[in-house]
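Take a look at the structure below.
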Amino acid sequence: MKTKLRTLLLLPFFALLIFTSCQDEVTDITLPAETEALTATSELTTLMTSTAKLDGSKDNIIDKASCLSIELPVTVVVRGLEIIIDSEEDYNVIKALFDEFDDDDDSLDIVFPITIITSDFDEIVIENRQALQELVQDCVGENEEDDDIECIDFQYPIAFSVYDTDFQVINVKSIENDRALHRFLKRVRNSEFLASINFPVTMVLADGSEIVVTNNEELQRTIKEAKNACDEDDDNDYHDNDFDKERLDNLLMTCPWVVHEFERNEDNLNEKYKEYAINFKADNVVKMRARGGDMLTGTWSTRVTPNGALINLEFDNLADFSLEWFVYDLGPGKIKLYQAGGNRIILKKNCDVVVDITKERIENYLQECFWRVSRLNVNGANNEKEYIGTPLKFLENNVVKLRVNGELVAGTYEIGVRNAGFILQVDLEGRPNLKLEWLITFLESGLIKLENANNKMVLKRHCPDADDNLTVVDNTLINGEWEVAAYHVDGENKPEEFYMYTLNFMETGRVKVTDPNDGIFNGSWLAYRNEGLHLGLFFGNNAPFDNLNYRWKIKEITSDRIELKDYSSTGAIERILVLEKKI
């Protein structure tokens, strides 16, 4: 390594010397080898830049953009109430107002002008909402992968040696925060100079634990390993973390929790553990119900540190769950857990799910109400359409009845126990797709999920007498005769093929269709609730009404008119069906 600065190199670095002259000198350092220098194109420079980026997700409840942050204070209007946001704690005020009402109108107005800070720490004055939306559109969407690394941070200060192109030390710069580091690395990426880190450097993981690294290779490996080791929580909401051990313990024990997502050692295990149910009990006992019904018992404990809360799970026969998990996010009905090394769990509270399954409990649930077939996939084919409007009724003495065109077709059922768990066997004449041995993988008061081999079935409880709105729909439909007044497909009204047909909805669930020549054929109907009111219609292969075999969303209903809509998976309206009462 050369020890003298060449005269020819003084001039190009004159500006740099002025820039660094006010920085504190660190004299007791060990100069690294040239291979330890950060360069414009090195992977480590890129990783460090991503780690130093501004995380704009904390105020997503206001701007809905994880790559932007609004400079405080800012004034917002929520439900007509003007609020001055002075600190991050004030986001709780907005959240409380959103949670106070159940109409899901979680919107607010920002009082402009405001100052936006980008992920690169640039400041921009925004005069109106349109200008803000233009910036928001440049960000990735909610919970989508972005460039910033949030699961690990630098512990400041850190020092850099600055070099000329002959690798001679010009100065040593001390960095105090992410903003200063990001701007320093930007100059490295612009090839204004070379720099190297003065090790050791301490890195802080999302759970507060620290890792000391002593060279570039260790630093690069540490950042890459921690990059996806936590949930970055880039939701467009705000969850506070000001909970204590007592609150956390009480929350865990309020209801069972169901596994929504699971990752262990960077391996996605959703297929294996999704819908496992966990019940945190007193005396630190935890019970886990596997999807097949097997029960596993372990222990649980919590502790709260200055860096956050942790939940420790221990099972003798369930190593994947046995770990001390950091509580990354605690929100209404949801807990997000993670641990370094690619370990992550999302739990959702479900007070209806049954953890301690017994044969008697399954039978009691089945016999409470009707059950409609919400999903039926057999050998890769979807067969649920043939069960539209045809609910099942489980009775005592192992009798099951299927309501078809208003008639009850009787069969048998049995609850059994196998090594894999509890099973449901159904035997109905002419229904081979149901005549299978179904393993009960999920059970709650209103939902039963069943599987066998490559086949899946979902049953949802239907109790019409317990829903006043369904009673109104039922009474409206059975009162009088109806006809198809409009049938919109792709925006074009095509009711002609249904002219002169009369529909008569029977209380039994039969719908009698009379054609223009006084011929009659039957169908099935069922009004039910599933995230809104629906009307299931099934006419078999009887044209032209076979085109109406569908679970229609009820959008409007009066004593003499009902409007039904068919929505695509993206929420677009594909068809509209209007029935009007015949005069």
Side-chain angles (χ1 to χ4, degrees), residues 151 205-210 229-231 233 239-265 267 269-270 272-358 360-362 420-422 440-445:
C151 299
L205 298 174
D207 64 355
S209 59
E210 298 178 355
C230 72
D231 182 356
D233 197 32
H239 297 308
D240 59 24
N241 290 321
D242 59 345
F243 49 86
D244 54 22
K245 181 177 176 10
E246 182 180 4
R247 178 189 164 196
L248 177 59
D249 289 353
N250 290 337
L251 177 64
L252 291 172
M253 291 188 290
T254 53
C255 288
W257 296 81
V258 176
V259 176
H260 182 67
E261 293 183 21
F262 193 95
E263 184 177 302
R264 195 71 158 92
N265 299 326
D267 187 13
L269 300 179
N270 288 346
K272 183 177 182 179
Y273 291 121
K274 190 171 184 178
E275 295 181 346
Y276 269 46
I278 304 175
N279 200 358
F280 295 92
K281 294 179 174 290
D283 301 323
N284 298 107
V285 174
V286 59
K287 289 198 171 184
M288 176 91 69
R289 195 210 73 208
R291 294 173 62 193
D294 289 345
M295 290 297 300
L296 301 165
T297 302
T299 61
W300 69 281
S301 61
T302 62
R303 63 188 181 98
V304 177
T305 71
N307 296 314
L310 297 100
I311 300 175
N312 187 65
L313 297 175
E314 293 185 8
F315 293 91
D316 290 338
N317 299 314
L318 202 58
D320 286 337
F321 282 84
S322 298
L323 195 66
E324 186 170 45
W325 300 86
F326 177 71
V327 182
Y328 184 81
D329 190 12
L330 181 62
K334 182 187 293 186
I335 294 178
K336 297 180 181 180
L337 311 174
Y338 88 95
Q339 187 52 269
N343 304 292
R344 179 177 182 232
I345 303 178
I346 295 181
L347 302 176
K348 291 188 175 181
K349 186 165 67 173
N350 189 332
C351 296
D352 295 323
V353 72
V354 180
V355 176
D356 298 320
I357 296 180
T358 64
E360 292 74 19
R361 181 166 285 175
I362 297 172
F422 289 94
I440 299 174
T441 61
F442 187 84
L443 177 68
E444 63 181 43
S445 57

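Positions are given from 1 along the sequence.
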Problem set entry | Where P256 and V353 come nearest, the two heavy atoms and their spacing | CB-CG1, 3.4 Å
Problem set entry | Approximate separation, where rounding is to 0.5 Å, of Y276 OH and L318 CG | 6.5 Å
Exercise. Where the side chain of W257 meets the backbone of L252, is there a donor-acceptor pair that is under 3.5 Å apart?
Worked result: yes
Exercise. Got a sec, which residues hit side chain to side chain contact (heavy atoms under 4.5 Å, CB included) with E246, two or more places apart in sequence or on another chain?
Worked result: D244, N250
Problem set entry | Straight-line distance of L251 CG to K349 NZ, nearest 0.5 Å | 5.5 Å
For this session: Applying side chain to side chain contact (heavy atoms under 4.5 Å, CB included), name anything that partners D352, two or more places apart in sequence or on another chain.
Result: N350, E444, S445
For this session: Take V327 and L337 through the side chain to side chain contact (heavy atoms under 4.5 Å, CB included) test and state the conclusion after the steps.
Result: CA-CA 5 Å; V327 182; L337 311 174; 3.8 Å; yes
For this session: With side chain to side chain contact (heavy atoms under 4.5 Å, CB included) as the test, would you mind laying out the steps for L205 and F326 before giving the verdict?
Result: CA-CA 11 Å; L205 298 174; F326 177 71; over 6 Å; no
Problem set entry | Distance, nearest 0.5 Å, that separates NZ of K336 from CD of E261 | 8.5 Å
Problem set entry | Atom pair CG (L323) and CD1 (I345), whose distance is rounded to the nearest 0.5 Å | 8.0 Å
Seminar exercise, completed: So CZ of R303 and CD1 of I311: to nearest 0.5 Å the spacing works out to 12.0 Å
For this session: Apply the side chain to side chain contact (heavy atoms under 4.5 Å, CB included) test between T297 and each candidate in K287, M288, K281; give the one that qualifies.
Result: K287
Exercise. Roughly how far apart are F280 CZ and T254 OG1, rounded to 0.5 Å?
Worked result: 10.0 Å
Problem set entry | For E275 against V258, the heavy-atom pair lying closest together | CA-CG1, 3.5 Å
Exercise. Between N343 (side chain) and R264 (backbone), is there a donor-acceptor pair under 3.5 Å?
Worked result: no
Exercise. Should the ring pair F262 and F321 be called parallel, tilted or perpendicular, given that the plane angle runs from 0 to 90° and is split at 30 and 60?
Worked result: tilted
Exercise. Do K334 side-chain atoms and I346 backbone N/O form a donor-acceptor pair below 3.5 Å?
Worked result: no
Exercise. Please, which pairs that meet side chain to side chain donor-acceptor pair (under 3.5 Å) have at least one residue in residues 314-323, sequence neighbours excluded?
Worked result: Y273-D320, N312-E314
